[in-house]
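Contents: one structure, followed by commentary.
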Amino acid sequence: MSDTTQLPAFIAALDRISEWFGRSIAWLIIIMMLIQFAIVLLRYVFSVNSIFMQELVMYMHASVFMLAAAYTFRHDGHVRVDIFYRGMTPRRQAVVNIVGIITLLMPVMIFIIASSFGYVANSWRIMETSSDYGGIPAVFALKTLIPLFAALMILQGVIEVVRNGYVFTGRISPSIGDDNHLEERV
């Protein structure tokens, strides 16, 4: 990504927060792996089963997936099926990015927030708990990840629109591709 300091101060601050948040969420992966290892060890060595620990791994996996999506978007790590995009100039890529964010990303994320609001609110109203005995009594918190995911994506979308607008107008130079992506070269 291009240098954050060249963006407007408020957008640059949001971008740094997004970067920090994504890196922080990544630590859940290590914790999740350690807990999963403990689950397997407890089950197969000591014949002990923990529904709470199993659900904890599921909660962490959902958190990583939902909350790190904006970080992935920030680093252009999402799946892109492009035939023409790769060969475009940075200015044209910026236009494609802006149009895509405004016409596709934003409406879908707004729809996700709008359609999940009642679902999540009802879960909070009844303080929904796990249906399994010994499970995590906070299903309402897990469901809250849905609108939170969409809100973070909208926030990152705004940052990317500004960044691509600056690339389009020549106010910042586009990020130089490192060509270390794992996509297939034709």
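We count residues from 1, following the sequence as given.
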Stepwise, does the side chain to side chain contact (heavy atoms under 4.5 Å, CB included) test hold for V108 with M153?
CA-CA 10 Å; V108 169; M153 289 296 288; over 6 Å; no
Please check this pair: side chain of E55 against backbone of I136, looking for a donor-acceptor N/O pair closer than 3.5 Å.
yes
Start with the C-alpha gap between V139 and Y59, add the side-chain angles, then the distance that decides, and say whether side chain to side chain contact (heavy atoms under 4.5 Å, CB included) holds.
CA-CA 9 Å; V139 173; Y59 276 52; 3.5 Å; yes
Decide yes or no for L152 and F21: does some side-chain heavy atom of the first lie under 4.5 Å from some side-chain heavy atom of the second?
yes
Could you go step by step and tell me if R92 and F168 meet the side chain to side chain contact (heavy atoms under 4.5 Å, CB included) rule?
CA-CA 8 Å; R92 284 195 178 167; F168 179 74; over 6 Å; no
Locate the shortest heavy-atom distance separating R91 from V167; write the atom from each residue and the value.
CG-O, 4.2 Å
Would you compute the distance between atom OH of Y71 and atom CD of E19 and round it to the nearest 0.5 angstrom?
4.5 Å
Would you give the length of the straight line joining atom CE of M33 to atom CE of M60, rounded to the nearest 0.5 angstrom?
11.5 Å
Heavy-atom pair with the smallest gap, counting every atom of F149 and I112:
CE2-CD1, 4.0 Å
Do I51 and V48 land in one hydrophobic cluster if side-chain heavy atoms of ILVMFWY residues count as linked below 4.5 Å?
no
Is atom CD1 of I83 surrounded by more than 12 heavy atoms (other residues, nucleotides or ligands) closer than 6.0 Å?
no
So which atom in A68 and which in I25 form the shortest heavy-atom distance, rounded to 0.1 Å?
CB-CG2, 4.1 Å
Which pairs pass ring-ring contact (aromatic ring centres under 6.0 Å, His included) with one or both residues in residues 98-128, sequence neighbours excluded?
W124-F140
Sequence neighbours excluded and cut-off under 3.5 Å, please list the side-chain donor-acceptor pairs for residues 96-105, or say none.
residue, atom, partner, partner atom, Å
N97, OD1, Y85, OH, 3.1
N97, ND2, Y85, OH, 2.9
N97, ND2, Q93, O, 3.3
N97, ND2, N164, OD1, 3.0
T103, OG1, V99, O, 2.6

Is L34 reachable from I31 through a run of hydrophobic residues whose side-chain heavy atoms are each under 4.5 Å from the next?
no
What is the distance from atom CE of M58 to atom NE2 of H61, rounded to the nearest 0.5 Å?
11.0 Å
Could you go step by step and tell me if L148 and M66 meet the side chain to side chain contact (heavy atoms under 4.5 Å, CB included) rule?
CA-CA 8 Å; L148 187 55; M66 300 292 274; over 6 Å; no
Should I39 and F46 be counted in the same cluster of Ile, Leu, Val, Met, Phe, Trp and Tyr side chains packed under 4.5 Å apart?
yes
Group every Ile, Leu, Val, Met, Phe, Trp and Tyr by side-chain heavy-atom contacts under 4.5 Å, then state whether M32 and I30 land in the same group.
no
Any side-chain heavy-atom pair of Y166 and P8 under 4.5 Å:
yes
Using every non-hydrogen atom in the two residues, find where L42 and M53 come nearest and quote the distance to one decimal.
CD1-SD, 3.9 Å
Which distance, rounded to the nearest 0.5 Å, do you find between the OG of S63 and the CG of L56?
9.0 Å
How would you list all residue pairs meeting salt bridge (Lys or Arg N to Asp or Glu O under 4.0 Å) that involve residues 115-129, not counting sequence neighbours?
E128-K143
Are L142 and I126 connected in the hydrophobic side-chain network, where two residues link if heavy atoms are under 4.5 Å apart?
no
Just verifying a value: how many Å separate E160 CD and S18 OG, rounded to the nearest 0.5 Å?
8.0 Å
Gap between atom CD1 of I159 and atom CD1 of I154 - 0.5 Å precision:
12.5 Å
Determine whether the side chains of Q54 and N49 contain a donor N or O and an acceptor N or O closer than 3.5 Å.
yes
